[in-house]
Every structure is written in C-alpha cells, then in structure tokens.
Amino acid sequence: MDEFDIDELYYMAVDLLRNLISTPSTSRNENAAADLVENCFANLGLKSSRHGNNVWAVAPGYDPYKPTILLNSHIDTVKPVAGWTRDPYSPDEDEDTGRLYGLGSNDAGASLVSLIAAFAYMAGRPRTYNLVMLASAEEEVSGRDGIESTLKVLPKIDVAIVGEPTGMRPAIAEKGLMVLDGEVHGVAGHAAREEGVNAIYKAIDVIGILREMQFDKVSPTLGPVKISVTQIEAGTQHNVVPDICRFVVDVRTTDAYSNADTLEMMRARVPGCTLTPRSTRLNPSSIPAQHPIVERLVMMGLEPFGSPTLSDQALMPWPSVKCGPGDSARSHTPDEYILLSEIRGAIEIYTRILDTLRL
C-alpha cells in the first residue's frame, strides 16, 4: 500500500469528519456513516470488513503470533439537543477560532478520524505488533449491535486505544454503570384511618441507606462507588396508603469491585427491598499505569486520570486506555465543536505512541 505523511492524512481526516457531520448517524441509524468509513478505507488502499454498522480493517502483515492493538472509536451520535444556534449537520468552520462545528465533531468524530489517520500511517510502516482499526456503532446507547457484536469476529486483541474526548490525556480507568430498579412493598389502607403500611415511608429508609452507603475498597483512580437514586414512583390516589414504591438507582462502579459484587453487597444492606439490574454488562475498566502505551503518553507530558463517563471500554474484555482530542464538556451540548488543531495534534500523538512501540 502507499505510504502517507502526516499532512496529507490530516487533510483526509478533516474531510472525512466534514462528511460524517453532514451525515446523520444517531445510534442504530449509522448505515450511511458506516458506508463513509468503508469508502475511506478503500480510498486509502486498505481492505475493510463490516458487521452490521461496525467497520474494521486489519493492517497488512497480520501475524497471529504477535500481540494485537485495537484502535477504536464510534460513528454514532446522540440526537441534537435544544439550543443549537446553527445547523447541527452543517460542518461550519470558524477561521478566526479554528473551530469546526457540528453534531458529533467532538464526540467522537475527531477521535475517529484521527485514529483512522494514525492507522493508515502505521499500516505502511514496520511494526512488532498487529494493528486493527474499528469504527463501532451504537456506543451512545451501549447497544448490543455495537462493539459487543464484533467480539466474535475480530482478531484476538491484547490492548485497545479508545478514542473519546479527553484532551489527549490518558484515562487509565473508567467507571462502569448499573441501572437498578428498586421496589419496596407495604400494605394498602385508607389514608383517613390508621391502616396499612406506607411503602413510601419504607422506601425513604431504604433510599437513606443507599445515599450513605460506602464500601471498604476505594479505587485510587476512580474514587468510591457512586450511588444515586434518580427516579421514584408510588401511589394511585391521594386517599390510599400506597402498597408499593418503585425507584431507579444509578450506580457508577469502579475497578475496586465487579458489577456483580457491587450488586450483591448493595442487596445485603437493604433487606426488604428488591434491587433488579437492567444489566450488569457495563463493567468498569482499567489498564496498568506501567503499560508501554500509558508510559509513552506520560513521557509526552500527558497526565493519567480516572474517567467517570462511560464508553465502549465497558464492553471490552481486554485492557484499554481512553485518549482522544476534544473536551468531554463539549459533548452532547448545543453548538458542539472541535478545534482543527486538536485533530492535527491527536494524529501526531497517536503516531508517536504507535511508532516503534514494543509490547
């Protein structure tokens, strides 16, 4: 295949990002965006594969006896929120500020196109490892037809670099997520008489325990497990003592415990309440601070941190580090943007990480 220099790959990346912004690709509707990625690989002279709306390429020279690095970011976006002052699907550039506006520009289009550029650069260079680039679908909804569906068809992966807006700082740990449906039962009665057992009052006690709940282990990078009751529902009418109270619990887990272990400990502390997980599959993730990829990022002056936000790392059964251009605070906001300089800088950093890397 042809060898590329950083400048031409930067312009390719920006052109691809413009096309992606112009192509609506909300979660589960990424077909056209996947087509764009397929065409990009073809134009780069790289063979790609596709499973649903997930598209990946394996760099030439694959050797099953070598370790394999996965580069990954996602092609889907959230729906535009209220408050946009411009067309979210128009890739408008402000030359004075160097900003490129558009839905998905920051989360995570810039990471995606920068990783594709770095992949194309490294595909034509000597490597002591295999390299795979995956553009995945349904990340914003943790959908089962996203990266999870590719695990059975991808080559064996040893470590991943996940592109999300972190200012190129390496997130060496990421919180997991469980959403629990809580339920407390009482006894119905007439509100005018001393009848029944009020399920709301029982639930208040349970919620108080959940609010104050702490665990022995605290993650050095992610801190404590965070538990938040976010919704509550009870009662049928004003004069009936409610016999059931339901509530929703948002649990942000850490690498100190698995999701299953966290759930078991929570259940043990709130007898009389059922806690039913909607899923336990979105686990916390981490990578050793001494991993060669992390060490290279630190040598570049980029400080590791623990990330509270969820990504496709939660569905990866291998170590991973989250690192990408942009700022997480811009994600899912009106007038989302990326700085063009952030894309160029990301391509340079990704290639510096990968060039001559030994695992």
Side-chain angles (χ1 to χ4, degrees), residues 78 81 107 139-142 164 166 171-189 191 194-286 304-315 322 328-329 331-333:
V78 296
V81 296
D107 183 16
E139 186 273 347
E140 295 289 2
V141 294
S142 300
E164 291 281 348
T166 69
I172 61 173
E174 178 184 90
K175 285 191 173 182
L177 169 66
M178 282 192 299
V179 179
L180 309 179
D181 290 306
E183 194 169 287
V184 174
H185 289 266
V187 178
E194 296 298 322
E195 294 179 350
V197 177
N198 195 316
I200 292 177
Y201 296 160
K202 292 181 68 176
I204 288 172
D205 292 338
V206 169
I207 290 169
I209 294 171
L210 293 173
R211 182 179 182 181
E212 302 298 329
M213 191 174 292
Q214 297 183 2
F215 300 96
D216 293 336
K217 296 179 185 177
V218 176
S219 168
T221 50
L222 295 172
V225 174
K226 188 174 188 303
I227 300 172
S228 304
V229 176
T230 55
Q231 294 174 273
I232 191 167
E233 176 186 18
T236 56
Q237 57 192 61
H238 77 90
N239 58 351
V240 178
V241 172
D243 63 348
I244 187 168
C245 183
R246 298 183 178 92
F247 52 91
V248 176
V249 190
D250 180 293
V251 185
R252 303 292 167 151
T253 54
T254 76
D255 53 354
Y257 301 97
S258 69
N259 282 0
D261 288 341
T262 303
L263 176 60
E264 183 179 349
M265 289 185 289
M266 291 179 65
R267 283 172 167 166
R269 299 188 191 183
V270 286
C273 170
T274 61
L275 293 174
T276 304
R278 297 180 185 178
S279 171
T280 58
R281 56 195 266 273
L282 302 177
N283 279 290
S285 61
S286 64
F305 73 106
S307 173
T309 58
L310 201 68
S311 74
D312 271 338
Q313 286 181 285
L315 298 169
K322 183 165 66 177
S328 182
S331 302
H332 306 180
T333 62

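Just so you know, these numbers come straight off a predicted model, no measurement behind them.
Taking Glu195 as the reference, Arg193 meet the salt bridge (Lys or Arg N to Asp or Glu O under 4.0 Å) condition, with sequence neighbours excluded. By the side-chain hydrogen bond (donor to acceptor under 3.5 Å, both in side chains) test, Arg281 pairs with Glu148, sequence neighbours left out. Partners of Val187 according to the side-chain contact (heavy atoms from CB on, under 4.5 Å) rule, which considers only residues two or more places apart in sequence or in another chain, are Val197. Residues passing the side-chain hydrogen bond (donor to acceptor under 3.5 Å, both in side chains) test with Thr333, sequence neighbours excluded: none. For the salt bridge (Lys or Arg N to Asp or Glu O under 4.0 Å) test, residues two or more places apart in sequence or in another chain that qualify with Asp250 are Arg252. Annotation: side-chain hydrogen bond (donor to acceptor under 3.5 Å, both in side chains) contacts of Ser142 (sequence neighbours excluded): none. Residues passing the salt bridge (Lys or Arg N to Asp or Glu O under 4.0 Å) test with Glu164: none are found, sequence neighbours excluded. Evaluation of the side-chain hydrogen bond (donor to acceptor under 3.5 Å, both in side chains) rule for Gln313 yields Ser311, Ser320 as partners, not counting sequence neighbours. Legend: residues meeting side-chain contact (heavy atoms from CB on, under 4.5 Å) with Ala203, ordered by chain and number and at least two apart, are Val184, Cys245, Phe247.
One distance of note links OG of Ser307 with CD of Glu174; it measures 5.0 Å at 0.5 Å rounding.
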### Task
May I have the step-by-step check of side chain to side chain contact (heavy atoms under 4.5 Å, CB included) for Leu282 and Leu315, ending in yes or no?
CA-CA 6 Å; Leu282 302 177; Leu315 298 169; 3.7 Å; yes
### Query
Would Met266 and Val225 satisfy side chain to side chain contact (heavy atoms under 4.5 Å, CB included), going step by step from the backbone distance to the final call?
CA-CA 11 Å; Met266 291 179 65; Val225 174; 5.9 Å; no
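Residue pairs meeting the salt bridge (charged side-chain N to carboxylate O under 4.0 Å, His left out) criterion with at least one member in residues 266-280, sequence neighbours excluded, are Asp181-Arg278. Applying the side-chain hydrogen bond (donor to acceptor under 3.5 Å, both in side chains) rule to pairs touching residues 225-246 yields Glu183-Arg246, Lys226-Ser228, Gln237-Asn239, sequence neighbours excluded.
Inter-residue side-chain proximity for Lys175 and Leu310 is flagged as unmet; no heavy-atom pair is nearer than 4.5 Å. Residues Ser328 and Thr309 form a side-chain contact, since some pair of their non-hydrogen atoms from C-beta on lies under 4.5 Å apart.
The nearest pair of heavy atoms linking Ser331 to Asp107 is OG-CB, 3.3 Å. Considering all non-hydrogen atoms of both residues, Gly182 and Leu275 come closest at CA-CD2, 3.9 Å. Residues Leu263 and Pro277 approach most closely at CD2-CG, 3.6 Å, considering heavy atoms. Here the closest non-hydrogen pair linking Ile200 and Ala234 is CG1-CB, 3.6 Å. The two atoms that bring Pro284 and Asp255 nearest to each other are CB-N, 3.7 Å, heavy atoms only.
At distances below 3.5 Å, not a single donor-acceptor pair connects side-chain atoms of Asn198 with backbone N or O atoms of Gly186.
Each of Thr280, Asn259, Thr262 was compared with Thr253 under the side chain to side chain donor-acceptor pair (under 3.5 Å) criterion, and only Asn259 meets it.
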Distance-only criterion, 3.5 Å: show the donor-acceptor pairs between side-chain atoms of residues 204-218 and protein atoms not counting sequence neighbours.
none

